[in-house]
Amino acid sequence: MSKAIHLSKHAPALLVYLLLSVVVIPHTVAQPLPGHTLTLPQDVYAQERQHFLNLEEKLRTYSRRRVNDFDGEIYALADYPLYPYLLRLKLERTMSIATKREVNQFLEDYRGQPVSYGLRYKWLSYLAKHNHRNAFLDSYRSGMGARLTCVALNYRLQGAEPVAKVLREVDALWLSGQSQPDECDPLFSKWKKAGLMTSTMVIKRIEIAAKEKNRRIIHYLKRQLPAKYQYIADIWLAVTRNVSNVQKRGLFPLKNKPSEVEAMVWALEKLAWQKPALAEKVYQRYQRQGVFSDAQRHAINRAIALSFTLEKLPQAHEWLEYADIPGASDDIKLWHVSHLLRTQQFDEVIRIIEQAPVSLKNKANYRYWLARALEQTGQPMQATVLYRQLAQERHYYGFMASARINAFPSLKNNPAPKDVATIAKLATTPATLRAVEFFRLNRATEARREWYYLLTHIPNEQVTDAGILAYEWGLYDQAISSFARSGYWDDVGRRFPLAFNEVFSEKAQLHNIPTSFAMAIARRESSFRSDAISPVGAAGLMQLMPGTAKYVAQAKVSQSQLFNVNENVEFGVQYLRYLMDKLNNNPVLVSASYNAGWRKVLEWLPENEALPVDIWIENIPYKETRAYVKAVMAYQHIYEQQLGGNNNIFPQLTSDLIPSAEAVSTHPVTGIVQLAPK
């Protein structure tokens, strides 16, 4: 993604948002997304759809007292797939204690379905506002957020329920790093009077607040502590203000060792990423006092070792050896191997991998690097055995291994068998029909909610069939996600669809970019979702930031333009051409730059001498960018085969070198920074 965070990084948070956000359906004209051609089933609801839109507009805009006048029109659409959304809209407009029965019946009838998302929260908020205690408790469910949870507990304290039982549930609300809603204040007051606001609970909340960078609440919490413990709050205030304060001996008298050491470990980890040499010095001083547990030592060792490694400092080797012990996190082993590869210590690579747990040794990356190290140390036969095994697998390391033994990478394409009867049944389920209607209405968010609901409410063995159905309808991102959910990885054709092939081919040819490369970028960025948008604003198939599109277009570009397939691909391919020109047509550096920005990538170039491509990729500091580059390289090969080409980029990747920083030049007139041509 150009100068933006990759969408997939934010996929869990985005999914939660889509699933939990209140359904708001604006009035829109039914039309396809710009440039997005779907092959949906025959349209049998055209007339009902227009009635739906007209009625929806009335329910949204007419006065509340007139909403009930439309009951007949609503019920006339009872057979239309989006009928429940009209019921929902009516309930929202007429919500009162008098409609309690209707609301509760709706929540029961559509429990767990997208149409109900957020309605219970709205209903409970209404009941709380008007102090309808019994109705609130009848409708309340756990997990409704702090405000409504506090309302529920306060109401329960007013009833006959044992006070001690209710107050035990306050602990989880208290242990938050942020200020809680006003509705929680009376609850906390009763909790405190009951003697449950212990020093331990206050200190725990101070720790949470400090780690969430909420210093203001620490001042309040300090006043809740007895005088003898207030210094613990001062410790956290000092280290959150400046982590270097952890070196001040007087700050840690070790009178309450567990609490003080918690702050010490947090600060040392933070300090390690800023000033690893100072963190090393301070850590070793406290280490001699024996204050750290094994888990705490692992955490600090990791931070110091990785900081030295990523900065390519001479202490890296010693600290990686020190940190890479049983109990350490897996990424220590990964960076230990990466460091040894970068410094060409292949004998040590073999030793470290052979000492690794079996669960790690069996992973593709470790098998590949063991083979590489064996090859480099004069053991070609053992290396070839490993390469041949890997060459049977369809991923970056398998493709690299194939090139090492002059074999053509295996795609292992095995299309999923098509169960016509099951697919026909899936096409007519209520959730599928609702998704199709929302796609016809150009309401992609609601459509995808319904499709996700479908996938999570059909038998596992039918999820692949849902993927086939989505593929045939041109819902490529839904097809990709369906196959990922089912675990049917070998249907290469459907998992890597030739989506918008004509557009990609035209634009790629115009700007002299391999079509397979452009499609690989789009597949990784958005799974060909033309209306995709990331939390930071990257939009469309190729996830372009508006600023990046403006730069390549030399004109202001709107978000609607970025949602247009033709324009998005045009801008995206132009940007790839720009990066190609700047980075001497190196696809590895270009893909890394598309994700992390070219200035950052130039900072990652080897300092003094060139590095083999695979070793450089393994040492990319950003985990996301490392994975991104490997995926794009593999996807490019897959798309090259999908497009009927015979080019294989992996032999080039095994022979090429990533140039050193000395190859970077600045044009004396324009000031443009770029790699010098070979």
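Residue numbers run from 1 in the order of the sequence given.
Contact of the His317 side chain with the Leu340 side chain is registered, since non-hydrogen atoms from C-beta on lie closer than 4.5 Å. Put simply, the side chain of Ser660 does not reach to within 4.5 Å of the side chain of Leu605, judged on heavy atoms. Between Glu618 and Lys630 there is a side-chain heavy-atom pair separated by less than 4.5 Å. The shortest distance between side-chain heavy atoms of Leu310 and Trp335 falls below 4.5 Å. Under the 4.5 Å side-chain criterion, counting only non-hydrogen atoms from C-beta, Gln344 is in contact with Leu611. No side-chain heavy atom of Thr309 sits under 4.5 Å from any side-chain heavy atom of Trp319. For the pair Trp598/Gln674, no side-chain contact is recorded, criterion being any heavy-atom separation below 4.5 Å from C-beta on. Considering only heavy atoms from C-beta on, Thr654 stays 4.5 Å or farther from Val613 through its side chain.
Aromatic pair Tyr283/Phe292: centroids less than 6.0 angstrom apart.
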Item to check | CA sep, side-chain torsions, deciding dist, call: Leu602, Leu583, side-chain contact (heavy atoms from CB on, under 4.5 Å) | outcome: CA-CA 9 Å; Leu602 290 183; Leu583 299 167; 3.9 Å; yes
Checklist entry - What do the steps show when you test Val573 against Arg577 for side-chain contact (heavy atoms from CB on, under 4.5 Å), and what is the final call? => result CA-CA 6 Å; Val573 172; Arg577 182 68 265 160; 5.7 Å; no
Checklist entry - Does the pair Ser176 and Gln178 meet the rule for a side-chain hydrogen bond (donor to acceptor under 3.5 Å, both in side chains), with working shown? => result CA-CA 5 Å; Ser176 167; Gln178 305 300 318; over 6 Å; no
Next on the checklist: What verdict does the ring-ring contact (aromatic ring centres under 6.0 Å, His included) test give for Phe517 and Tyr639, after you've listed the backbone C-alpha separation in whole Å, the side-chain angles of each residue and the deciding distance to 0.1 Å?
Outcome noted: CA-CA 8 Å; Phe517 188 41; Tyr639 272 109; over 10 Å; no
Next on the checklist: Applying side-chain contact (heavy atoms from CB on, under 4.5 Å) to Met633 and Ile649, what does each step give before you reach the verdict?
Outcome noted: CA-CA 8 Å; Met633 293 299 98; Ile649 65 168; 3.9 Å; yes
Checklist entry - Taking it one step at a time, do Glu393 and Arg367 satisfy salt bridge (Lys or Arg N to Asp or Glu O under 4.0 Å)? => result CA-CA 12 Å; Glu393 301 171 19; Arg367 288 186 287 140; 3.0 Å; yes
Checklist entry - Stepwise, does the side-chain contact (heavy atoms from CB on, under 4.5 Å) test hold for Ile300 with Tyr286? => result CA-CA 12 Å; Ile300 301 170; Tyr286 288 124; over 6 Å; no
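Put simply, the side chain of Asn586 gets close to the backbone of Val588: a donor and an acceptor are under 3.5 Å apart. Remark: side-chain polar atoms of Gln554 are paired, donor with acceptor, to backbone N or O of Tyr551 under 3.5 angstrom. Here the side chain of Ser307 pairs no donor or acceptor atom with the backbone of Ala303 at under 3.5 angstrom. Distance alone, capped at 3.5 Å, places no donor-acceptor pair between the Asn245 side chain and the Arg241 backbone. At distances below 3.5 Å, at least one donor-acceptor pair connects side-chain atoms of Gln247 with backbone N or O atoms of Ser244. Using modelled atom types, no side-chain atom of Asn301 and backbone atom of Ala323 make a donor-acceptor pair closer than 3.5 Å.
When all heavy atoms are compared, the tightest approach of Ile232 to Ser259 is CD1-CB, 3.8 Å. When every heavy atom of Leu675 is checked against every heavy atom of Val664, the shortest pair comes out as CD2-CG2, 3.8 Å. A pairwise comparison of heavy atoms in Ala634 and Tyr396 identifies CB-N, 4.0 Å as the closest pair. Of all heavy-atom pairs spanning Val673 and Lys582, the tightest one is O-NZ, 2.6 Å. Closest heavy-atom contact between Met545 and Ala538: SD-N, 3.4 Å. Closest non-hydrogen pair, Ile304 versus Pro276, comes out as CG2-O, 4.4 Å.
For Tyr635, the ring-ring contact (aromatic ring centres under 6.0 Å, His included) partners are Phe496, not counting sequence neighbours.
The CG atom of Leu544 lies 15.0 Å from the NZ atom of Lys550; values are rounded to the nearest 0.5 Å. Summarising the geometry, atom CE belonging to Met400 is positioned 12.5 Å from atom NE2 belonging to His395; distances are rounded to the nearest 0.5 Å. Rounded to the nearest 0.5 Å, atoms CD (Glu311) and CG (Leu306) are 11.5 Å apart. Here Lys333 contributes atom NZ and Asp324 contributes atom CG; the two are 3.5 Å apart, rounded to the nearest 0.5 Å. Atoms CG and CD1, on Leu360 and Ile352 in that order, are 12.0 Å from each other to the nearest 0.5 Å. With rounding to the nearest 0.5 angstrom, the CE atom of Met580 is 7.0 Å from the CG atom of Leu576.
Relative to the ring axis of Tyr231, Lys255 places its NZ or CZ within 45° and under 6.0 Å from the centre. Cation-pi geometry between Arg394 and Trp489 is not satisfied (NZ or CZ under 6.0 Å from the ring centre, within 45° of the ring normal).
Within 6.0 Å of CZ on Arg342 lie more than 12 heavy atoms contributed by other residues, nucleotides or ligands. Within 6.0 Å of the NZ atom in Lys623, the count of heavy atoms belonging to other residues, nucleotides or ligands does not exceed 12. Atom CD of Gln284 has more than 12 neighbouring heavy atoms from other residues, nucleotides or ligands inside a 6.0 Å radius.
Counted by atom type alone, Gln376 and Arg372 present one or more donor-acceptor pairs between their side chains at under 3.5 Å. Side chains of Asn595 and Arg626: a donor-acceptor N/O pair is absent below 3.5 angstrom, by distance only.
In summary, of the residues considered (Lys192, Gln180, Met201), a side-chain contact (heavy atoms from CB on, under 4.5 Å) with Trp174 occurs for Met201 alone. With respect to Tyr397, the ring pair (Phe, Tyr, Trp, His ring centres under 6.0 Å) criterion is satisfied by exactly one of Tyr368, Tyr366, Phe650, Tyr387: Tyr368.
Ionic pairing of Glu260 and Lys257 is not present here: no N-O contact between side-chain nitrogen and carboxylate oxygen is shorter than 4.0 angstrom. The pair Arg205-Glu212 fails the salt-bridge criterion, with no side-chain N (NZ, NE, NH1 or NH2) lying under 4.0 Å from an Asp/Glu carboxylate O. Between Arg302 and Asp331, at least one side-chain nitrogen of the basic residue sits less than 4.0 Å from a carboxylate oxygen of the acidic one, meeting the salt-bridge criterion. By the 4.0 Å N-to-carboxylate-O rule, Asp614 lies close enough to Arg404 to be salt-bridged with it. Ionic pairing of Glu262 and Lys211 is present here: one or more N-O contacts between side-chain nitrogen and carboxylate oxygen are shorter than 4.0 angstrom.
The side chain to side chain donor-acceptor pair (under 3.5 Å) pairs that include a residue from residues 346-361 are Glu321-Arg351, Glu348-Arg351, where partners are two or more places apart or lie in different chains.
Aromatic ring pairs are classed by plane angle as parallel below 30°, tilted from 30° to 60° and perpendicular above 60°; the pair Trp616 and Trp604 is tilted.
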